[in-house]
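Since the structure is predicted, the reported quantities are computational estimates derived from the model, not experimental observations. Hydrogens, waters and symmetry mates play no part in the numbers below; they use all other heavy atoms, side chains included.
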Amino acid sequence: MLALRVGRITLRTLKSTPARDGFRMPAEFERHSGCWMLWPERCDNWRDGAKPAQRVFAAVAAAIATGEPVSVGVSAQQYQNARALLPERVRVVELSSNDAWVRDTGPTFVVDSRGRRRAVDWRFNAWGGLSGGLYFPWDRDQEVARKIAEIESADRYAAPLVLEGGAIHVDGQGTCLTTEECLLNPNRNPHLSRAQIESLLQAYLGVSRIIWLGRGVYLDETDGHIDELACFVAPGHVALTWTEDRDDPQYEISLEAWQRLRKVRDARGRALTVHKIHQPDPLFITAAETAGLDQREGTLPRRAGDRMPASYINFYVGNRVLVMPLYDKRRDRAAARALARLFPGRRIIGVPTREVLLGGGNIHCITQQIPAPRR
């Protein structure tokens with residue numbers, strides 16, 4: 001066990017596992033003590049010098065900050081710019097990273113019944129490493145989880161598993177949702193079997209039941225992250241991205257997921273109620289949008305005409321608000337009504353997030369909740 005002293009607090013890198021120590025990952029709809037984000041700036045992934053994306057990130061941070069504290073990690077070069085664009089109530093912290101996907105590079109926090117909170121630091125390889133990864137290098141991203149854990153004064157577990165936060169979703173009562181497309185992809189953990197991956201998820205999330213869906217949202221460049229496809233909205237209840245268009249490749253993917261969800265039970269033996277949230281109409285990258293990107297070897301190219309993996313499931317559940325992506329008015333209104341029914345105690349705030357989608361993700365991907373430990 002390694003230890004680091006921060007002020008009067010000694011932080012430890014623990015050799016045990018969360019499950020062994022009585023910790024679990026809480027559901028995202030449980031109470032938070034705050035939220036973390038990172039600031040976008042790389043010009044090969046965010047167009048026009050990342051300025052349009054930065055305005056959207058600031059709007060997302062402002063919406064979340066109406067209900068809980070928000071911290072944003074920013075490079076030294078972008079500190080003053082971010083401080084000027086973000087509301088005063090948002091904390092800005094100098095913290096380097098390769099890009100802004102804190103859901104995947106930041107820590108997963110776990111809690112126990114004694115009111116303690118710890119961090120799980122997963123291995124990160126930019127969604128595939130040198131065999132399908134989205135950019136190179138990712139050295140600074142590998143350090144983000146540890147840095148945030150230290151800022152939050154949390155002891156840390158270093159998990160022996162390549163995994164991104166967007167690849168898992170839990171109900172807080174022992175059940176984890178994930179996809180085979182992502183976690184069984186050979187560009188993550190080729191040396192591990194399905195059973196071994198399940199065992200590690202149980203050990204580091206404190207869950208007892210893994211529900212495997214097949215594929216993620218069509219053309220999701222993260223190899224099928226669950227947070228685009230499906231999520232728990234309450235114990236025993238799952239929201240699923242959906243389409244009625246049988247000619248859309250997403251139809252078959254969502255239908256298979258629905259069929260699997262209807263057949264399984266969660267960790268407490270409950271059948272799942274599935275709530276279908278219709279996806280926006282297909283969205284495509286324009287020539288003007290690709291023209292604003294710098295070209296760089298080692299970064300996934302974005303081409304005019306490429307379809308983007310747009311989904312309403314990629315939202316953030318805050319303490320008092322739910323912040324959802326907006327794409328087109330007709331589908332937006334129906335999705336907002338559906339989410340309002342599923343989260344009656346929260347105000348629904350929509351943010352136009354096409355700029356984030358152009359970078360490869362959405363609101364859930366650029367946020368990481370810090371759960372409030374029970375007292």
Please report the C-alpha distance between E221 and R302 in whole Å, then the side-chain angles of each, then the deciding distance to 0.1 Å, and finally whether the salt bridge (charged side-chain N to carboxylate O under 4.0 Å, His left out) criterion is met.
CA-CA 11 Å; E221 63 192 41; R302 308 210 181 279; 2.8 Å; yes
Could you go through the side-chain hydrogen bond (donor to acceptor under 3.5 Å, both in side chains) check for E289 and T286 one step at a time?
CA-CA 5 Å; E289 288 166 339; T286 68; 3.2 Å; yes
Carefully, step by step, assess R123 and N189 under the rule side-chain hydrogen bond (donor to acceptor under 3.5 Å, both in side chains).
CA-CA 10 Å; R123 295 178 180 175; N189 300 283; over 6 Å; no
Any chance you could lay out the side chain to side chain contact (heavy atoms under 4.5 Å, CB included) test for I168 and L177, step after step, and finish with the verdict?
CA-CA 6 Å; I168 52 173; L177 269 176; over 6 Å; no
Decide yes or no on salt bridge (charged side-chain N to carboxylate O under 4.0 Å, His left out) for K329 and D332, but give the supporting numbers first.
CA-CA 5 Å; K329 291 182 180 179; D332 292 346; over 6 Å; no
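Side chains of Y218 and D248: a donor-acceptor N/O pair is absent below 3.5 angstrom, by distance only. Counting only N and O atoms by type, the side chains of R215 and Q250 include no donor and acceptor under 3.5 Å apart. Checking T222 against D220 by side-chain atom types alone, a donor-acceptor pair falls below 3.5 Å. Using modelled atom types, one finds a donor on one side chain and an acceptor on the other under 3.5 Å when comparing S96 with K147. For the residue pair W122/T108, the side-chain donor-acceptor check at 3.5 Å is satisfied. Looking only at atom types and distance, the side chain of S75 has no donor-acceptor partner in the side chain of Q78 under 3.5 Å away. Donor-acceptor pairing under 3.5 Å is lacking for the side chains of Q368 and W36. Using modelled atom types, one finds a donor on one side chain and an acceptor on the other under 3.5 Å when comparing T13 with R156. With no hydrogens or angles considered, no side-chain donor-acceptor pair links H225 and E181 at under 3.5 Å. A donor atom on one side chain and an acceptor atom on the other are not found under 3.5 Å apart for W258 and E256.
The existence of a salt bridge linking E180 and R260 is confirmed by a sub-4.0 Å separation between a basic side-chain nitrogen and an acidic carboxylate oxygen. Looking at D281 and R331, a side-chain N of the basic residue comes within less than 4.0 Å of a carboxylate O on the acidic one, giving a salt bridge. Between R146 and D121 there is no salt bridge, since none of the side-chain N atoms of the basic residue sits less than 4.0 Å from a carboxylate O of the acidic one. Under 4.0 Å is where a charged nitrogen must lie from a carboxylate oxygen, and between D44 and R42 at least one such pair does. Salt-bridge annotation for R188 and E164: present, with a side-chain N of the basic residue lying under 4.0 Å from a carboxylate O of the acidic one. Using a 4.0 Å cut-off between charged side-chain N and carboxylate O, R55 and E355 make no salt bridge. With respect to the salt-bridge test (charged N to carboxylate O, under 4.0 angstrom), the residues R118 and D21 qualify. In summary, K276 and E244 do not engage in a salt bridge, as defined by a charged side-chain N under 4.0 Å from a carboxylate O. A salt bridge does not link K51 with D48: every distance from a Lys NZ or Arg NE/NH1/NH2 to an Asp or Glu carboxylate oxygen is 4.0 Å or more. Between R89 and E68, none of the side-chain N atoms (NZ, or NE/NH1/NH2) sits under 4.0 Å from a carboxylate O, so this pair counts as no salt bridge.
Summarising the geometry of S311 relative to P325, their closest heavy-atom pair is O-CG, 3.7 Å, with the distance given to 0.1 Å. In terms of heavy-atom proximity, R346 sits nearest to V321 at CD-O, 3.7 Å. Residue R307 comes nearest to P249 through the heavy atom pair NH1-CD, 4.1 Å, listed as atom of the first residue, atom of the second, then distance. Nearest approach of N362 to N314, heavy atoms of both residues: C-OD1, 3.2 Å. N81 and Q54 get closest at one heavy-atom pair: ND2-OE1, 2.9 Å. Contact detail for G129 and W138: the closest heavy-atom pair is CA-CH2, 3.5 Å.
Residue pairs meeting the ring-ring contact (aromatic ring centres under 6.0 Å, His included) criterion with at least one partner in residues 276-314, sequence neighbours excluded, are Y312-Y327.
Taking a 6.0 Å sphere around CZ of R347, one finds it holds 12 or fewer heavy atoms contributed by other residues, nucleotides or ligands. In the displayed structure, R194 atom CZ is contacted under 6.0 Å by more than 12 heavy atoms of other residues, nucleotides or ligands. Heavy atoms from other residues, nucleotides or ligands lying under 6.0 Å from CZ of R262 number 12 at most.
Aromatic pair W46/F57: centroids less than 6.0 angstrom apart. In this structure, H32 has its ring center under 6.0 Å from that of Y316.
Under the 3.5 Å distance criterion, the side-chain polar atoms of D171 are matched with a main-chain donor or acceptor of G174. Remark: side-chain polar atoms of T179 are paired, donor with acceptor, to backbone N or O of G224 under 3.5 angstrom.
The aromatic rings of W127 and W101 sit perpendicular, their planes meeting at an angle over 60°, well past the 30° parallel limit. Using cut-offs of 30° and 60° for the angle between ring planes, the Y157 and F23 rings count as perpendicular.
Side-chain contact between T299 and D294 is absent, with no heavy-atom pair separated by less than 4.5 Å. Residues L183 and L201 form a side-chain contact, since some pair of their non-hydrogen atoms from C-beta on lies under 4.5 Å apart.
Shown here are the side chain to side chain donor-acceptor pair (under 3.5 Å) partners of Q369, two or more places apart in sequence or in another chain: R103.
For the pairing with V56, the side chain to side chain contact (heavy atoms under 4.5 Å, CB included) check across I363, T353, I366 returns one residue only, T353.
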